[in-house]
2 protein chains.
Amino acid sequence: MAKIVECVPNYSEGRDLAKIEKIVAPFKEDTRIELLGVEPDGDYNRTVVTVMGEPEIIAEAVIRSIGIAAEVIDMNVHKGEHKRMGATDVVPFIPIKDMSIEECNELSKKVGKEVWERYQVPIFLYENTASAPNRVSLPDIRKGEYEGMKEKMLLPEWTPDFGERAPHPSAGVTAVGCRMPLIAFNINLDTADVEIAKKIAKAIRFSSGGFRHIQAGPAEIKEKGFVQVTMNIKDFKKNPIYRVFETVKMEAKRYGVNVTGSEIIGAVPMEAIVESLAYYLGVEDLGMNKILESKLIK
Amino acid sequence: MAKIVECVPNYSEGRDLAKIEKIVAPFKEDTRIELLGVEPDGDYNRTVVTVMGEPEIIAEAVIRSIGIAAEVIDMNVHKGEHKRMGATDVVPFIPIKDMSIEECNELSKKVGKEVWERYQVPIFLYENTASAPNRVSLPDIRKGEYEGMKEKMLLPEWTPDFGERAPHPSAGVTAVGCRMPLIAFNINLDTADVEIAKKIAKAIRFSSGGFRHIQAGPAEIKEKGFVQVTMNIKDFKKNPIYRVFETVKMEAKRYGVNVTGSEIIGAVPMEAIVESLAYYLGVEDLGMNKILESKLIK
């Protein structure tokens, strides 16, 4: 069965629908591509596109789309509330099926190289595909934004992975890389005390010494009178849903508080669900090969 | 997205591979059909075939395959350890995706009617598609087997749903109907005492007053020194995995015994996994629409 990759390119145009239409055309033209979302945001002046399909097919369409964005977007006149550094700002590739992180890294590098060669937009490889620790995090790469790139790229530590040490004169710079699918997961507590949610969030998140792949914080759900621990699971294989959930339950006990439920925002990979249920049932060999539908995904 | 049905026809030939090849040819000829298994059994003298695909496509191939089986199998000379009443003995249709039981019943009826009209093999509709309570269960319909059908079908309560009141002279009778996917699920106990497994099995199975869609019994795993409660979940929507699992845990406590794990045999529908994890995490709206890959199943 075929490998499947998801790609979520972010373009610095969220207002001019005719331009956005041109940018997404390569995804619409190929029926083998699943175009799952086109989300323009006027305030951000930015559009997030979500596509899935076979790696080679997605790669070629993404490259062409980046070329079109470089033609129709001029970063010299771009304004928006979201930080940005390029006409195509960032291109995350997410391995969905039968694809290793290594393969996804290779795909990202291939796309980056090709974009430079075809359109002369310099590329930083980021996240799993980063070539140095200082360029793993997108905010670090993007710091200074489009306007600051000219100067920043002269610094030896900010030589791009592909291309010359200067941004494209109108399309800026693009980050390309492989990341794991994010799971946005919120856990409900039977208290209205946001301080308790804050303490639990600190216990589980990486930035305060918790799990390596967890970003977490407190949230008040005022209309319902309770608080949540809200989080992103950045690598569900290394920090599975059940482990975070059970840890939050355990921590909540310290405060005499109970976990009453949880919610998953957006889509979640099947594997994350299967792995977590395997924990609760104590099934050793419950993997994707046991799932009837996995035979239907081509 | 397309509806998906699974079909698991059972043919009364498990030894002559050339004949089996002819019977499965309609499934191999159409690339839109996923042929998941062809399992001949010499002792049973029976072959179980598993196919998945769009309902209309599967239906036509199954009908043609039943016609071929009627040509190549002569029930008058068939011998095997498994009970049987027809060249194609039973044809269960299982709704897998975007398909209601009602739609699956309609499909079963259409196939039954067509088989009678094309090949003059009389049809009993069974399970969810049964036209009377006495013909829900396949063993009830099949009682008397091929040899007894001539007499049995003269009884008013055994008039077939399609066709005349006599078996086909060489292909017998076929049962067609919609059933839910079976989940074969075994729960491990930390005891070697098979009596405890037997008591727990009785507590959960329908035949002893337990859950409506559970068949269960004890099993000794001698080489590992423990026992299991082994079961079929016949309708995972009405008797979800988690509920049976937690009930077995609860019952085990009476005997000072613990559940140490479980195993799932064969394939399980994604929905069954999602629904059970939703219980453990207390997620209200965790459904198939939240699963990334469900967008890839065509």
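Computed from a predicted model, the values in this text were never measured in an experiment.
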Highest number of heavy-atom pairs under 4.5 Å with chain B among A:Y242, A:Y279, A:F185, A:F245 belongs to A:F245
| message | Shorter than 4.5 Å, heavy atoms on both sides: which option in A:A267, A:G261, A:S262, A:P181 has the most such pairs with chain B? | response |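 Maximum pair count with chain B is reached by A:S262.
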Below 4.5 Å from any heavy atom of chain A, which atoms of [X] appear? Answer side chain, backbone, both or neither.
X	value
B:L281	both
B:I265	backbone
B:E6	side chain

Output for pair (A:M270 CE, B:E293 CD), nearest 0.5 Å, gives 4.5 Å
Working to the nearest 0.5 angstrom, can you tell me the gap between A:L292 CG and B:M52 CE?
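One gets 4.5 Å once the value is rounded to the nearest 0.5 Å.
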### Enclosure of A:K234 NZ (heavy-atom neighbours >12, cutoff 6.0 Å)
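No - once you tally the heavy atoms of other residues, nucleotides and ligands closer than 6.0 Å, there are 12 at most.
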> Under a 4.5 Å heavy-atom cut-off, does chain B meet the side chain of A:I273, its backbone, both or neither?
Replying inline: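 It is both, since atoms from each part get that close.
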